[in-house]
Amino acid sequence: MTDPSSTSAGNPFDGRRVLVTGAAGFIGSHLCAALLARGARVIGVDNFLSGTRDNVAALTGAAGFELLERDIAEPLDVEAGLIINLACPASPVDYQRHPVETIKASVLGAMNLLELARRQGAVIVQASTSEIYGDPREHPQHESYWGHVNPVGARACYNESKRCAETMFATWRSQYGIDARIARLFNVYGPRMRANDGRVVSNFIVQALHGQDITVYGDGSQTRSFCFVDDIVDGLLRLAAAGSDAWGPVNLGNPQEITVAALARRIVALCGSRSALRFMPLPADDPVRRCPNIAVARATLAWQPQIDLDQGLSATIAWFQQQAGTAR
Ligand code: UDP
């Protein structure tokens with residue numbers, strides 16, 4: 001698949017002013033680096049609720065990069081021709097600890113950024129989520145599926161407000177004609193996940209590297225489909241560079257579905273660890289199966305993941321080893 005920045009149309013990001021919200025987060029920091037590498041001028045915004053300055057330390061001081069401490073729940077005025085919105089706590093532990101902030105970031109943040117895009121005639125891309133499908137009754141999940149969501153459940157602060165944000169993107173598009181686009185990201189993992197953010201990949205890797213029991217919730221038969229962060233960044237850039245007709249919503253994920261128990265065993269093996277699996281209670285409303293249908297992304301963005309689970313996990317494990325100074 002060709003890189004969207006090397007097509008015959010030229011590099012669509014060269015010299016462009018791009019606002020990345022959630023720039024100091026896990027995905028945001030990788031996206032900023034990719035945009036800078038393509039010659040964009042990047043204005044990163046973060047409120048540092050779940051993002052960290054460490055994530056962007058390598059970019060700070062780089063030509064063309066500026067980092068602003070702002071909360072998108074408040075109106076903001078930043079000049080940009082492209083806005084990519086990644087600002088929101090995304091791990092279940094984070095968003096359940098900060099439910100009001102999560103709703104404000106998703107809903108008020110979307111409104112503020114859509115109005116900013118409207119004033120400036122900017123293209124705006126929303127990082128939505130597979131969570132909008134809730135605990136799906138249809139497999140794999142195609143974009144046409146409406147989902148199965150508990151509006152007052154433990155995950156509602158995230159999945160319902162992300163659903164509302166999608167509605168707002170579609171509505172601002174139809175009512176005001178702005179170029180708003182939506183990607184639904186499925187379980188992204190990779191270097192710079194926070195060791196303590198509670199997500200399954202980071203938890204299992206940290207536990208395996210320290211020889212601790214692996215905390216499998218439920219019987220481990222629930223499935224997820226994990227997508228390496230570089231593939232997600234590539235998909236977001238393709239969506240940003242595509243024609244406006246390809247606005248989405250589009251699933252971005254890796255259809256390699258795996259049970260949580262199998263993931264635990266895979267990570268233990270790749271870490272060369274002797275950790276045992278410990279089964280613990282399943283959190284409320286934990287989706288039973290999740291797997292993206294990526295036919296739309298293949299057809300409209302010529303996108304599909306390039307990095308399989310073992311490759312991505314190995315790169316992620318190496319990064320955690322380096323961080324912890326536990327490299328053997
Ligand atoms: N999970 C687990 N052990 C952990 C953390 C998570 O078994 O230490 C399970 C969780 O119950 C869910 C899956 O792994 O079924 C993915 O959880 P995560 O929080 O990474 O993301 P989700 O897809 O649920 O938003």
Side-chain angles (χ1 to χ4, degrees), residues 25-27 50 86 88-99 102 105-106 127-136 139-141 147-150 153-163 183-229 232 251-268 271 273 275-292 309 312-313 316-317 320:
F26 155 53
I27 302 174
S50 54
L86 290 157
C88 191
S91 97
V93 169
D94 279 348
Y95 64 66
Q96 287 174 38
R97 191 177 292 150
H98 302 287
T102 298
S106 294
S128 189
T129 167
S130 55
E131 282 282 322
I132 65 101
Y133 297 116
D135 188 5
H139 301 284
Q141 291 82 57
H148 179 249
V149 178
N150 177 355
R155 304 169 84 104
C157 64
Y158 186 66
N159 55 28
E160 288 290 23
S161 61
K162 284 287 195 176
R163 287 169 69 93
R184 295 177 177 161
L185 316 187
F186 281 66
N187 287 81
V188 189
Y189 73 100
R192 298 198 204 120
M193 295 185 89
R194 284 195 348 267
N196 63 350
D197 85 352
R199 275 186 277 204
V200 69
V201 170
S202 44
N203 273 8
F204 286 3
I205 290 176
V206 170
Q207 290 160 350
L209 290 177
H210 289 91
Q212 298 162 348
D213 285 354
I214 307 292
T215 55
V216 176
Y217 301 158
D219 64 4
S221 64
Q222 69 273 34
T223 70
R224 294 292 186 274
S225 306
F226 297 95
C227 192
F228 192 65
V229 64
I232 289 293
N251 290 337
L252 295 179
N254 191 324
Q256 208 183 343
E257 186 179 2
I258 185 171
T259 67
V260 165
L263 176 76
R265 287 191 287 272
R266 205 64 219 121
I267 288 177
V268 168
C271 289
S273 167
S275 290
L277 272 49
R278 176 151 55 100
F279 293 88
M280 299 175 66
L282 190 67
D285 293 350
D286 201 281
V288 176
R289 279 188 77 183
R290 183 183 290 156
C291 180
L309 188 61
L313 286 177
T316 310
I317 290 165
F320 273 104

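The structure presented is a predicted model; accordingly, all values stated were derived computationally and were not measured. Indexing begins at 1, ligand by ligand and atom by atom, following the structure's order.
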- Polar contact flag, side-chain donor to acceptor under 3.5 angstrom, Arg290-Asn187: yes

- Once the angle between the rings of Tyr95 and Tyr158 is folded into 0 to 90°, is it parallel (under 30°), tilted (30 to 60°) or perpendicular (over 60°)? parallel

- Message: Does only the side chain of Asn203 get under 4.0 Å from ligand 1, or the backbone, or both, or neither? Count heavy atoms.
- Response: side chain

- Query: Is it true that Arg97 and Asp197 make a salt bridge, defined as a side-chain N closer than 4.0 Å to a carboxylate O?
  - Reply: no

- Does the salt bridge (Lys or Arg N to Asp or Glu O under 4.0 Å) test come out yes or no for Arg199 and Asp94, once each step is laid out? CA-CA 9 Å; Arg199 275 186 277 204; Asp94 279 348; 5.8 Å; no

- Message: For the NE2 atom on His139, are there more than 12 heavy atoms of other groups (residues, nucleotides or ligands in this structure) within a distance under 6.0 Å?
- Response: yes

- Item | Contact check: Gln207 vs ligand 1, nitrogen or oxygen atoms, below 3.5 angstrom | no

- Query: Less than 4.0 Å between a side-chain N and a carboxylate O, is that true for Glu131 and Arg155?
  - Reply: yes

- Query: Looking only at N/O atoms, are Val200 and ligand 1 under 3.5 Å apart anywhere?
  - Reply: yes

- Query: Out of curiosity, is Pro283 lining ligand 1, as in a heavy atom under 4.0 Å away?
  - Reply: yes

- Against heavy atoms of Glu131, which atoms of ligand 1 measure under 4.0 Å? 25 (O)

- Derivation and outcome, side chain to side chain donor-acceptor pair (under 3.5 Å), residues Ser225 and Glu257: CA-CA 4 Å; Ser225 306; Glu257 186 179 2; 5.2 Å; no

- Task: Nearest heavy atom to atom 24 (O) of ligand 1 wins, so pick from Arg199, Arg155, Arg290.
- Result: Arg155

- Message: Before you tell me yes or no, could you show the steps for Ile214 and Ile267 under side chain to side chain contact (heavy atoms under 4.5 Å, CB included), namely the whole-Å CA-CA distance, both residues' side-chain angles and the distance that decides it to 0.1 Å?
- Response: CA-CA 10 Å; Ile214 307 292; Ile267 288 177; 5.7 Å; no

- Please state which protein non-hydrogen atom is closest to atom 15 (O) of ligand 1 and give its distance, to 0.1 Å? Asp286 OD1, 2.5 Å

- Which of the atoms of ligand 1 are close to Gly198, meaning less than 4.0 Å from one of its heavy atoms? 5 (C)

- Query: What's the shortest distance from atom 1 (N) of ligand 1 to any protein heavy atom, and which residue and atom give it?
  - Reply: Tyr217 CD1, 3.4 Å

- Message: Suppose I only count heavy atoms of Asn187 and a 4.0 Å limit; which atoms of ligand 1 are within that range?
- Response: 21 (O), 22 (P), 23 (O)

- ligand 1 atoms nearer than 4.0 angstrom to some heavy atom of Val216 are 7 (O)

- Message: For atom 13 (C) of ligand 1, what's the nearest protein heavy-atom neighbour? Residue, atom name and distance, please.
- Response: Val260 CG2, 3.8 Å

- Task: Can you pull out the closest protein heavy atom to atom 3 (N) of ligand 1? Residue, atom name and distance to 0.1 Å, please.
- Result: Thr215 O, 2.5 Å

- Is the closest heavy-atom distance from Met280 to ligand 1 below 4.0 Å? no

- Task: With heavy atoms of Pro92 as the reference, note each atom of ligand 1 found under 4.0 Å away.
- Result: 19 (O), 25 (O)

- Message: For the residue pair Tyr133 / Arg184, report whether a side-chain donor-acceptor contact shorter than 3.5 Å exists.
- Response: yes

- Task: Consider only side-chain N and O atoms of Thr215 and Gln207, and report whether a donor and an acceptor are under 3.5 Å apart.
- Result: yes

